[in-house]
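Because the structure is predicted, anything quoted here is derived from the model rather than measured. All values below come from the heavy atoms of this structure, side chains included, with hydrogens, waters and symmetry mates left out.
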Amino acid sequence: MTGDFFCSNLEIVDLSEFDDDVGGPVTDSSVVHSGSNSLKINAHGQYVFLTLSDVAEVSCRIYIRFEDLPPDDGSSYYFRAIEFLDQSGNTVCKLNLERVGGNLRIRLHRMEPAETSVYYDYEWQADVWYCLEMFCKKHDTEGIYRAYLDDALIVEETGLDTVASEGIRTVRVGGNYYGSPSGSNPGSEWGDVWIDDIIIRDTTDIGTMETEFNDGFESEDFSAWDGTVSSPSINDAKKHCGLYSKKWNPIISTEEGTYINLGLAKEAYFEFNIQFGTLPTDGNSIEFFQAGRPDVNFFIAHLYRDGGTLKWGFKHRHNGTLSALATYTIAQGNVEDIENIWH
């Protein structure tokens, strides 16, 4: 897996993790998909956006929930959930949820090579969370548009001229209510709209990311990982199995290790073997596992020494605060067994 991405479950209540917000959307703690907050939209023109570096590929995934469905009264109703704009500020493509002619549907509306729309009929429900994703690749001959619903591909166009010279600069999430007649504001017909767990990735579809990862370091490098921090190394002197292991030095002022991007996983299971060549001194700890977002850790596992006693420790973040989740005290008679053996 490669590529940088942004993810938010709206825990920062002032929305400052986005480049800006427009129209006054707010965070709401009463209806959430995960964490403590979601983004609530209840008027035309409310959205958040992120500015990219004129990228050739981008994918955005959100969870969305409607308080009400638009009425089946013969009028047309639209809600723009995701929109990509190019470096000139023009729309590249957008993903709408609509009721037109009595039918509920999802619409991928794109502008290149010519303006057109592809529809997917779907009878979504009020007060249910749905996962929506839109992907676009800019290329002169191999351009791509895709849309996903609950991780299933529902729209795909490939082999298009999507004007590679105009990179994608802006991603908007949330936004506009539209209605018929033109200019009406049917926000009161839709009720509130909540959006949560936003991911924006600048390489390939989020829906195609691996759900299982395994590395025994037998490649003698870290090419299977998305990146490294500082300078971990491949080691052949100590290994649990195979020929190699990963070695890092915890007695440094900065973090050192490798990382992998999982997307915004709701559940995850991790298993690894670890050996300590040195033990922490009193009042200090060695962190050997972290899980979270690029800007914040949600879970940390560490070995620490508290008043001369060695402990396994686990921390988790809730409502913005990192606190101890559980500890396991290592019997003093077993302290020497912690060093230089595999766990």
Side-chain angles (χ1 to χ4, degrees), residues 5-52 58-70 77-85 91 93-98 106-107 124-135 147-151 168 170-178 185-202 206-207 263-266 292-296 298 317-320:
F5 64 88
F6 164 91
C7 54
S8 169
N9 62 351
L10 288 306
E11 297 303 284
I12 300 176
V13 296
D14 63 2
L15 302 177
S16 58
E17 59 191 323
F18 299 93
D19 286 322
D20 208 348
D21 59 273
V22 176
V26 296
T27 54
D28 182 11
S29 62
S30 65
V31 178
V32 300
H33 182 257
S34 72
S36 303
N37 298 292
S38 66
L39 180 73
K40 184 170 80 170
I41 296 170
N42 59 10
H44 176 75
Q46 292 183 343
Y47 61 89
V48 294
F49 70 86
L50 201 69
T51 303
L52 310 179
V58 68
S59 186
C60 178
R61 188 176 77 182
I62 65 173
Y63 283 83
I64 190 167
R65 173 174 170 165
F66 291 89
E67 181 181 23
D68 296 307
L69 298 181
Y77 298 93
Y78 313 86
F79 180 82
R80 187 195 69 204
I82 305 170
E83 183 178 18
F84 300 160
L85 295 91
T91 296
C93 54
K94 52 190 174 182
L95 198 60
N96 293 345
L97 293 101
E98 308 178 347
I106 299 170
R107 174 192 183 192
W124 75 83
Q125 304 297 314
D127 293 325
V128 176
W129 285 103
Y130 295 99
C131 180
L132 288 178
E133 178 182 343
M134 183 171 69
F135 169 76
Y148 295 84
L149 171 65
D150 291 336
D151 294 325
I168 299 169
T170 305
V171 176
R172 291 178 179 173
V173 175
N176 293 341
Y177 296 96
Y178 297 98
N185 178 7
S188 60
E189 304 288 1
W190 290 81
D192 294 337
V193 181
W194 295 275
I195 293 174
D196 205 349
D197 295 332
I198 300 167
I199 302 179
I200 299 170
R201 180 174 180 167
D202 68 4
I206 299 166
L264 200 59
K266 299 304 173 190
R293 300 198 310 250
D295 59 332
V296 62
F298 292 123
R317 188 176 301 275
H318 179 66
N319 291 334

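Side-chain N or O atoms of Asp28 include none that pairs as donor or acceptor with a backbone N or O of Lys40 at under 3.5 Å. Glu83 places no side-chain N or O within 3.5 Å of a backbone atom of Lys94 that could act as its donor or acceptor partner. Using a distance-only test at 3.5 Å, with no hydrogens or angles considered, a donor-acceptor pair links the side chain of Asp196 to the main chain of Ser34. At distances below 3.5 Å, at least one donor-acceptor pair connects side-chain atoms of Glu11 with backbone N or O atoms of Ser36.
Using a 4.0 Å cut-off between a side-chain N of Lys or Arg and a carboxylate O of Asp or Glu, Asp197 and Arg61 do not qualify as a salt bridge.
Nearest heavy atom pair, residue Glu67 against residue Ala126, reads O-CB, 3.4 Å. For Leu10 against Ser38, the heavy-atom pair with the smallest separation is CG-C, 3.9 Å. Contact record, Val13 with Thr27: O-OG1, 3.3 Å, taken as the closest heavy-atom pair. Contact between Leu69 and Gln125 at its shortest, heavy atoms only, is CD2-C, 4.0 Å. The shortest non-hydrogen separation linking Val173 to Cys60 is CG2-SG, 3.9 Å. Across all non-hydrogen atoms, the minimal contact from Tyr78 to Arg107 is CE2-NH1, 4.1 Å.
Side-chain contact between Val171 and Phe6: absent, with no pair of heavy atoms (C-beta onward) separated by less than 4.5 Å. A 4.5 Å side-chain heavy-atom check between Leu97 and Leu132 finds at least one atom pair inside the cut-off. Within the 4.5 Å cutoff, the side chain of Trp129 has heavy atoms near those of the Val31 side chain. With contacts defined as side-chain heavy-atom distances shorter than 4.5 Å, the pair Arg80/Tyr47 qualifies.
Between Phe79 and Phe66, the ring planes lie perpendicular to each other; the angle is over 60°, past the 30° to 60° tilted range.
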Derivation of the side-chain contact (heavy atoms from CB on, under 4.5 Å) call for Ile198 and Phe18: CA-CA 11 Å; Ile198 300 167; Phe18 299 93; 3.8 Å; yes
Would you sort out whether Asn42 and Val26 count as a side-chain contact (heavy atoms from CB on, under 4.5 Å), showing the intermediate values? CA-CA 9 Å; Asn42 59 10; Val26 296; over 6 Å; no
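Between the CD atom in Glu133 and the CD1 atom in Ile82 there is a gap of 8.0 Å [rounded to 0.5 Å]. To the nearest 0.5 angstrom, Ser8 atom OG is 9.5 Å from Asn37 atom CG. Here OG1 of Thr170 is found 8.5 Å from CG of Asp19. Values are rounded to the nearest 0.5 Å.
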